[in-house]
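In what follows, chains carry the letters A, B, and so on, assigned in the order in which the sequence lines appear, proteins first and then strands, with residues in each chain numbered from 1.
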Amino acid sequence: MSMNIFANEATEERAESARLSSFVGAMALGDLVKSTLGPKGMNKILQSGSTGDINVTNDGATILKSIPLDNAAAKILVNISKVQDDEVGDGTTSVCVLASELLREAEKLVQSKIHPQTIVEGYRIASAAALKALEGSALDHSSNMDQFREDLVNIARTTLSSKVLSQEKSFFAKLAVDAVLRLQGSTDLEHIQIIKKVGGKLSDSFLAEGFILDKTISVNCPKRLQNAKILIANTSMDTDKIKIFGARVKVEGTGKLAELERAEREKMKAKVAAIAAHGINCFVNRQLIYNYPESLLAEHGIMSIEHADFEGVERLSLVTGGEIASTFDHPELVKLGHCDLIEEIMIGEDKLIKFSGVATGQACTVVLRGSTTQMVDEAERSLHDALSVLSQTVKETRVVLGGGCSEMLMSCAVDEEVKKVVGKKAIAAEAFARALRQIPTILADNAGYDSTELVSQLRAAHYGGQADAGLDLDNGAVASMRDRGVTESYKLKRQVILSASEAAEMIVRVDTILRATPRKREGM
Amino acid sequence: MAGPYSDAVYTTDEYGRPFIIVREQGKKTRSHGVEAIKSHILAARTVANIVRTSLGPRGLDKILISPDGEITVTNDGATILGQMEVEHQIAKLLVQLSKSQDDEIGDGTTGVVVLAGALLEQSEALLDRGIHPIRIADGFERACKIAVAELDRISDRVEFSKENTENLLKAAMTSLGSKIVSKAHRQFAQIAVDAVLSVADLARRDVDFELIKVDGKVGGSLEDTTLVQGVVIDKDMSHPQMPRTIKDARIAILTCPFEPPRPKTKHKLDIGSAEEYKKLQVYEKEKFADMVKRVKDTGANLVICQWGFDDEANHLLMQNELPAVRWVGGPEIELIAVATNGRIVPRFEDLSAEKLGKAGIVREVSFGTTRDKMLVVEECANTRAVTIFVRGSNKMIIDEAKRALHDAICVVRNLVVDNRVVYGGGAAEISCSVAVAKAADDIPSIEQYAMRAFASALDAIPLALAENSGLAPIETLADVKSRQVTENNSKLGIDCNARGQNDMKEQFVYDPLISKRQQYLLATQLVRAVLKIDDVITAGEDNE
């Protein structure tokens, strides 16, 4: 007995139907992305509805971001995958798949009349046990630089193996590790610039020794400069605006106008002189440089580079050790950047500026080559994933094993824990262990092996004390992941478990969905 | 549009007597008398039924989808009702009801709606018996008085001090028990208590909420939530090469932009000659140098500015080793000023050393793989400003955690204001129900029926709690009620978490007395208002 108290088109879904809609939505989303999981995962083509542009990818976050969804639970999963992307950079598919598997298990439990809050309790016990096991299995090699580097290369290889770059994974793994170590502990990936140039093959990509700016040197300037002293600036080199509010120019005749123009020119000349007084031979500006100051600079024998964007300027200042200047009255206070050689280079058909022999070098450039735009784009995403994971690993140095090994390890730990739990929540905790085991199952399925057989072998191996056993997906057998060097970042795995269980809890707790009238859009 | 009677026509009949024809009557709907009241009751019960399943530690959450497809997942009654798109007038009253409980007390927003729904449900039966609505309302009012007196009687004082916060913690945990943050239950309760106690003035029994800021950022998990003794602002240093950490910060808090003065009155400055143009340039330059110098002279080593400053000013500051933060919003500026004991300076001329704020350390923290940066001001001169920094794996969970924290903070605040508590888990409702039912027998007039109905309505809360916890509701309630009477123990309630213990004092389930009292008073008032309406005229919709 109830009556309609809602506005038109606002709807309410209750109890069973609300649960059904959120479970089904979450599971559908999980099924959608799960075929991309693992080294043998498949790619997806995303076609834009409005422009018809095509995007080939197997990056979970990219896929999920591109699909318009109307289901509330599915939206939550998309959000956790996005957070995973922002926070660790990789594992975006895993987190979504794990959450949907948890919900699949929860659905069965709800059907057998277990209170949602009991399921939540069980999941909490299980995820705590899983995390403890994960932490216990994590290794920290940060004290030994060689071994740590080995770890990093392994992590990069593992991450890249599921991506388009897998044929060249050793090459790119090394490249990514070199790039990240160059950052010296900073996690700001903006400092690694990725320049994409279509043409050539993937293995033609390289990590530039020094730094590359995707700009051209102004005309009239030498194309090669040795022993450069660089002033990096962010200043307007057209005409300086008068900053005082309400000021405007009002002149009585053309004579005065000419005078004013001269004054303007003189001002610019003075500015250029001030810049030149820094004793530099290269001037990089974030903003445009007009022809007049450009020619003035050339007269002073200064190479000028205009319109370097914000990131470019910032990276350049990091690389060369110079500061970004906007006033030029105190040359003695301004730190200049230095590098041994600036030259214009050609990649494909484009001209770029290369700064080599740089002083500090906390930024670097990766040039990616590939046969098609889609290829290069996907390569960039893959590399970005690898770089993010590596940069996070540099901060949190512990590593765990991949290839389904950690999941199986956690699942066994949860099973052990369940034996001590009294009450219905034990059933929910057991379900959590089952959901964890789904990850190796999907890995094996995607590679076309008999997943049931392999996973049970894997489980037996873990119970048999072989704690580093995982799935060798090239040979379809259980093998030691430590020997094969399949390593993943601890932080990544931890975040996957945390996010997935938090999201699953959140969705399990829901029993009503209230939907407001969708806002009417014009022209639809 | 003209008034409601724009369609009225004045005319006379064949005998010359005037009469008025109001056209378009067909579109008007009218319901009145008992029929109107009943339809209202039905609407109110529908609303109450929606939030009923969210009550208690094992209540469930709701997903709310906004017109733009934004998702909110919550268990907070006020939020659910506030975001629901309700059209019905009476339903809107209930939404208001939960909002006023939220504004006044901050917690118990679900309970108040469930209680009002139950009261209306009971009055329906009385109406069927032919009791006049006003008599019902009167009876409810009398019953409410008795219930409130009973609450006072059974209330306990909980002692707490800055050192001994155990009791506050328990109350905060009761409030958080029903929320998703119960994952990190004790931690969140501790954060709420610490936050309130750091800003509370125990002598005056006053808590200034302005000093508690709740901020969130996705990433990590709920367990990573922390209480920062200071201020967190979502900004970074204005120049990438400024230092990231400043120790012993002396902060100049400015609300004037780094640009030449600009008179408020409209003005024009005409440049007529080259000399003037040059002079102006010099003036501009001097002005910038002067501003930086003024700041520097006070000994400041950090500038926080409400406005922006252009590239030149930015670089000048950098060159003079003055790290700066720009575009800091008004509320944040105030918070920083309070936290650091600084003064907000509106003009450069007014800057002086004693107006600077002081903080032990100001540092920039970066998150994840994107360039998210935040500025943390810690070890402030005034320790009373705190920020709760919520982390979580997705946006919805953070929003819900913020709401939960707000509730918990309110509960703790209420206890600081008035340290009397009643026991939760339906214990207070059961006691009041027993007291009201007993008192009803002494009333000679027909209000006694209404009072009995009130007693039954109070039972709705423990019933809902038991139902949501998966217990057999009627059986459980009957058992607890009889035990309360036979053992004369008003602390017995519903054992929602299956701990095998009905004594709420043992389980430490507390609610502030003022929160409960407010629930009863507000619900009774609302019911009276609904019962008094006997006629609803809905004007026909305009077809234009």
Side-chain angles (χ1 to χ4, degrees), chain A residues 2-3 5-7 10 72 75-76 79-80 83 86-87 89 115-117 124 187-190 234-235 242-251 256 259-260 262-263 267 314 317 323-327 330 333 388 391-392 498-499 502-503 505-506 509-519, chain B residues 42-43 46-47 49-50 53 58 60-68 71 73 84-88 91 180 183 218-219 221-222 239-241 259-260 262 267-274 277-278 280-281 284 310-312 314-316 318-319 366 368-371 392-397 470:
Chain A
S2 72
M3 68 187 291
I5 51 162
F6 297 109
K75 277 190 183 165
I76 295 178
N79 195 274
I80 55 170
V83 172
D86 292 348
E87 185 74 5
H115 196 286
Q117 293 280 19
R124 280 179 187 168
T187 55
D188 197 341
L189 291 182
E190 293 281 333
N234 176 13
T235 182
I242 302 167
K243 291 190 186 81
I244 294 166
F245 185 71
R248 62 168 186 180
V249 177
K250 192 175 181 184
V251 287
K256 292 261 183 166
E259 249 177 57
L260 257 174
R262 210 169 309 127
K267 186 180 172 193
E314 211 172 289
S317 79
E323 71 178 30
I324 302 169
S326 298
T327 56
H330 299 282
L333 292 177
S388 333
S391 69
Q392 292 299 321
L498 282 175
S499 303
E502 269 180 17
E505 263 175 41
M506 203 158 181
R509 286 171 56 104
V510 169
D511 77 334
T512 305
I513 299 176
L514 296 161
R515 185 187 294 269
T517 319
R519 203 181 297 288
Chain B
L42 191 55
T46 313
V47 175
N49 268 334
I50 291 172
T53 50
R58 289 170 77 86
L60 295 173
D61 291 4
K62 313 272 173 267
I63 290 184
L64 303 160
I65 305 173
S66 81
D68 298 318
I71 289 177
V73 183
M84 237 164 42
E85 222 180 347
V86 172
E87 191 94 296
H88 198 284
I180 185 125
K183 189 173 177 214
V218 285
S221 80
L222 284 177
H239 195 284
Q241 277 148 331
E259 55 184 42
R262 166 202 278 205
H267 67 285
K268 278 204 185 86
L269 184 71
D270 287 341
I271 303 167
S273 68
Y277 180 75
K278 278 180 195 155
L280 208 61
Q281 284 170 20
E284 234 178 56
D310 66 4
D311 300 332
E312 261 168 62
N314 201 358
H315 182 245
L316 268 179
M318 213 296 272
Q319 207 161 50
S366 57
T369 60
T370 48
R371 311 195 94 176
S393 64
N394 56 57
K395 204 170 102 272
M396 299 89 189
I397 213 169

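Taking CD from Gln117(A) and CG from Leu60(B), the interatomic distance works out to 5.5 Å, rounded to the nearest 0.5 Å.
Take Val83(A) and apply the side chain to side chain contact (heavy atoms under 4.5 Å, CB included) test, not counting sequence neighbours, and it matches Asn79(A), Val218(B). By the salt bridge (Lys or Arg N to Asp or Glu O under 4.0 Å) test, Lys75(A) pairs with no residue at all, sequence neighbours left out.
The backbone N or O of Leu222(B) sits less than 3.5 Å from a side-chain atom of Glu502(A), completing a donor-acceptor pair.
Nearest heavy atoms, Arg58(B) versus His115(A): O-CE1, 3.4 Å.
With contacts defined as side-chain heavy-atom distances shorter than 4.5 Å, the pair Asp511(A)/Lys62(B) qualifies.
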Are Ser393(B) and Ile80(A) close enough, and set up right, to give a side chain to side chain contact (heavy atoms under 4.5 Å, CB included), and what steps lead you there? CA-CA 6 Å; Ser393(B) 64; Ile80(A) 55 170; 4.1 Å; yes
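Proximity to chain A (any heavy atom under 4.5 Å) is restricted, for Ile71(B), to the side chain, taken from C-beta onward.
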